[in-house]
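All remarks here apply to the structure that follows.
Proteins get letters first, then strands, A, B, ... in listed order; numbering begins at 1 in each. These figures come from a predicted structure and were not determined experimentally.
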There are 2 protein chains.
Amino acid sequence: MDAINIKQLAKALNLSTSTVSRAFRNNSDINKETKERILTKARELNYQPNHYASNLREKKSHTIAVIVPELANNFFLQAINGLERVASEKGYHILIYLTYDKYEKEIAFINDLHNGRADGIIMSVSGESAKEHSYLHRLKNKNIPLVFFDRIYEDIDAPRVTSNDYESSFAATEHLIESGCERIAFLVIHKSLSIGKMRMQGYQDALLKHHLPYQDELVIDCSNNLEENYKILSQAFKTLRPDGALAAVERLAIASYYVCHDLGISIPQDLKIISFSSLEIAPLLNPSLSTITQPAYEMGAQAAALLFRSIETGSMEGPTEHIILKSKLIKRQSTANESPVINLFQR
Amino acid sequence: MDAINIKQLAKALNLSTSTVSRAFRNNSDINKETKERILTKARELNYQPNHYASNLREKKSHTIAVIVPELANNFFLQAINGLERVASEKGYHILIYLTYDKYEKEIAFINDLHNGRADGIIMSVSGESAKEHSYLHRLKNKNIPLVFFDRIYEDIDAPRVTSNDYESSFAATEHLIESGCERIAFLVIHKSLSIGKMRMQGYQDALLKHHLPYQDELVIDCSNNLEENYKILSQAFKTLRPDGALAAVERLAIASYYVCHDLGISIPQDLKIISFSSLEIAPLLNPSLSTITQPAYEMGAQAAALLFRSIETGSMEGPTEHIILKSKLIKRQSTANESPVINLFQR
DNA sequence: TTGTACGCGTTATCAT
DNA sequence: ATGATAACGCGTACAA
């Protein structure tokens, strides 16, 4: 009743296991007819080569691991879609790991991946500021390629796919300024994380360019928890009275919407909001949300392509590639000056 | 430079491989000190037991496969989050497969999973009406447990976790009727799929109860493509002039919003909309969207629990469990009678 | 408590 | 073109 193996199949056909094995590998010499005979019988007996035995022999798992902070974020979703396409085209399988921004989880996952479970790793790093990355260096020693996407560690030399966060952040801030904002808050989750830093820098430089003062208190450090963010943002909006806000992460824009509604702050009259976000229905929000939208799907696909290049060449030599894709700034109602009517649903 | 194996580690310690092996397995008798010594050295040499060799020995992969139609749907997202929690608690790894509603993909994935890659499978079936499910029967022969969630095949006897679709659909339709609708459209993607059928039946029965005629033309069969749906729905709204719509799937509600905007149909005055949806920001839409919200996270968690029960008992005997969780009907602006002001952001 | 020896299911090498 | 055999790395009877 249990799984049939190659020996039993061979016996049933009066052939040797080697011949049977060859029938499943494409390159080897084998008589067409016997191959047919074997495959037919295999189907009949519901035989398939044991994956683990093959991997043990070949030292290849045909599996890649994807480590992301979370799924409840349209950016990661779309990115995974993108890399899934590439991986499945190559016949690779995908293991998914969620860190929930916990550094310890990330270490645990990576350590679990030293043992051959995956041929390569694609990762968007955990949010917690981490000093110690030796667990990543060890990967290299084992010849397991690693590719970063979106969120990276600057001190690790690995191929990476990111978007032009600095420029986007700069442009978004400038857009707020040009829409008349003078007290612009920057809503961020992990200041220390590289991605937060880039976005922050763009924000600061745009202020500078337009001779607006940078005020530390207007940088609002949030958490991953909706309740907490609600409190933090309520407090901040009440006391600081910003007239513009740039959210470094989608969920902070969402939280802001709830807060504004409850506090009677109207968007965009009292407060203009723009956010890094891959939310597809941003046009349908009330008011429609201006966004900086990263090419998430494409980033995922490119990251996968990069990884497969490493896997296929087998070597991790050569210059480390760094692909930067451009985000789009889409202006909608949440940063508009006049009242709606037109362009409400700009897509 | 390559991965170190148990032999080398044993040699480095002047021990036998069996002793080393025991250090990594918890139950076996082994001297505490030697165990410590082994683990220390292992860490030092960056040794970890080879996953594939272990699996080959133990015939266990500590991996489960999750097959879903897509990720771009909040329901599946949250469900995956739920089952990830359970799986990672058990130390299991998760393989993800996306069918994009293609029957052939589903078959290919399932066939790929016969070979030991996963200890069990959790699946929400592909949308295409499939007649032939022998590929699933073959799984049973190999003792690979299967659990359905949300979307099931009725002719396959496997544990399942669903929500009370019929009742929800009935209640939603009734809600529309009570809000004054008389020409209620039912927007669906795959009429033939079991889940579509249940939701359709609830719709029909509610009409019946309230003495409204069931009209075939008001059942609008859509696709998975936004462009196509836009056309289909535009046409339907223009010619059929429904005053209410129940969307069996989130994306059809979204498409409807776009269509209504472009056609100048105002929600809820001209058309009231309610949708099966796990969209967390439904309250933020313009207007906020009334939803039937399934307990997605919980469904995922329960499905995983069910699967692990099968995996752990090893037997697939006993009655097939069928867990039904209740969805919530949340009334918001899109089905309201009066003008907004109050409750706009009901969460 | 530790070591020896075999087998898990496959594929690569070598021989026929 | 096909068959015999060893080896991949590990875990477990069994022996010591």
Side-chain angles (χ1 to χ4, degrees), chain A residues 2-39 41-42 45-63 112-119 142-144, chain B residues 2-39 41-42 45-63 112-119 142-144:
Chain A
D2 249 334
I4 184 177
N5 63 24
I6 198 171
K7 266 190 203 165
Q8 299 165 32
L9 179 57
K11 191 182 293 179
L13 286 157
N14 270 326
L15 287 171
S16 75
T17 60
S18 353
T19 312
V20 174
S21 177
R22 273 187 273 259
F24 287 91
R25 314 216 27 70
N26 294 326
N27 42 355
S28 310
D29 318 317
I30 186 170
N31 187 310
K32 277 231 162 147
E33 289 167 32
T34 45
K35 179 168 177 176
E36 273 316 309
R37 211 158 58 87
I38 292 171
L39 293 180
K41 194 76 176 177
L45 297 185
N46 193 17
Y47 166 80
Q48 283 194 259
N50 180 293
H51 176 239
Y52 290 104
S54 303
N55 289 160
L56 181 57
R57 267 307 312 224
E58 300 178 11
K59 301 198 167 191
K60 266 283 198 176
S61 64
H62 290 276
T63 302
D112 236 14
L113 289 168
H114 278 85
N115 56 12
R117 214 181 249 276
D119 294 344
K142 296 240 180 158
N143 263 309
I144 300 175
Chain B
D2 249 334
I4 183 177
N5 64 23
I6 199 171
K7 263 191 204 164
Q8 299 164 35
L9 179 57
K11 192 183 291 178
L13 286 158
N14 271 323
L15 287 172
S16 77
T17 60
S18 20
T19 311
V20 173
S21 176
R22 274 186 270 261
F24 287 90
R25 312 217 19 71
N26 295 326
N27 43 351
S28 310
D29 315 318
I30 186 170
N31 187 308
K32 276 230 161 150
E33 289 166 33
T34 44
K35 179 168 177 177
E36 273 315 309
R37 211 158 58 87
I38 293 171
L39 294 180
K41 193 76 176 181
L45 297 184
N46 193 17
Y47 166 80
Q48 283 193 259
N50 180 293
H51 176 240
Y52 290 103
S54 304
N55 289 160
L56 182 55
R57 262 310 310 232
E58 300 179 19
K59 302 198 166 191
K60 267 283 198 176
S61 63
H62 290 277
T63 301
D112 236 16
L113 289 168
H114 277 86
N115 55 11
R117 215 181 249 278
D119 294 343
K142 295 238 181 163
N143 262 310
I144 299 175

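Partners of A:D112 according to the side chain to side chain donor-acceptor pair (under 3.5 Å) rule, which considers only residues two or more places apart in sequence or in another chain, are B:H93. Residues forming a side chain to side chain contact (heavy atoms under 4.5 Å, CB included) with B:K11 (at least two apart in sequence, or on another chain): none. The side chain to side chain contact (heavy atoms under 4.5 Å, CB included) search around B:T17 returns B:I6, B:K7, B:A10, not counting sequence neighbours. For B:H62, the ring pair (Phe, Tyr, Trp, His ring centres under 6.0 Å) partners two or more places apart in sequence, or in a different chain, are B:Y92. Listed by chain and residue number, nothing satisfies the side chain to side chain donor-acceptor pair (under 3.5 Å) test with B:N50 (two or more places apart in sequence, or in another chain). With sequence neighbours left out, A:S18 forms a side chain to side chain contact (heavy atoms under 4.5 Å, CB included) with A:S16, A:R22. In this structure B:S54 satisfies the side chain to side chain donor-acceptor pair (under 3.5 Å) test with no other residue, sequence neighbours excluded.
A close approach under 4.0 Å does not occur between any side-chain nitrogen or oxygen of B:T19 and OP1 or OP2 of C:dT2. Residue B:K59 places at least one side-chain N or O under 4.0 Å from the OP1 or OP2 atom of C:dG9. In terms of phosphate contacts, B:Y52 brings no side-chain nitrogen or oxygen within less than 4.0 Å of OP1 or OP2 of C:dT11. One finds no side-chain N or O of B:S16 lying less than 4.0 angstrom from the OP1 or OP2 phosphate oxygen of C:dT2. Contact annotation: B:R57 does not reach the phosphate of C:dG7 (side-chain N/O to OP1 or OP2, under 4.0 Å).
Atom CG in B:L13 sits roughly 10 Å away from atom P in C:dG3 (whole-Å rounding). The interatomic distance linking A:N31 (CG) with D:dG3 (C1') rounds to 15 Å, in whole Å. Distance A:K60 NZ to C:dA12 C1': 17 Å, rounded to the nearest Å. One can place CG of A:N5 at 8 Å from P of C:dC8, the figure rounded to the nearest angstrom. If you measure from atom CD of B:E58 to atom P of C:dG9, you get 14 Å, rounded to the nearest angstrom. Per the geometry, CG belonging to B:L15 stands 16 Å off C1' belonging to D:dA16, to the nearest Å. Distance, B:I4 CD1 to D:dC8 P: 15 Å, rounded to whole Å. Between the NE2 atom of B:H51 and the P atom of D:dC8 there is a distance of 20 Å, given to the nearest Å.
Note: A:H114 and B:Y47 fail the aromatic proximity criterion, with ring centroids not under 6.0 Å apart.
Residue contacts shown for A:Y47 are limited to sugar-phosphate atoms, with no base heavy atom under 4.0 Å away. Nucleic acid contact for B:S54: sugar-phosphate only, since backbone atoms but no base atoms lie under 4.0 Å from a heavy atom of the residue. Within 4.0 Å (heavy atoms only), A:Q48 reaches sugar-phosphate atoms of the nucleic acid but no base atom.
Projected onto DNA chain D by closest heavy-atom contact, A:N14 and B:P49 fall at different nucleotides, the more 5' of which corresponds to A:N14.
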Under 3.5 Å between N/O atoms: give me all the protein pairs with nucleotides 13-16 of chain C, atom names plus distance.
none

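Side-chain polar atoms of B:S61 and B:D119 form a donor-acceptor pair below 3.5 angstrom.
Counting only heavy atoms from C-beta on, B:I6 has its side chain closest to D:dG11 among D:dG3, D:dG11, C:dT11.
The end-to-end axis angle of the helix from C:dT1-D:dA16 to C:dT16-D:dA1, rounded to 10 degrees and based on five pairs per end, is 40°.
In this structure, B:K60 NZ and A:Y52 OH are separated by 11.0 Å, a value rounded to the nearest 0.5 Å.
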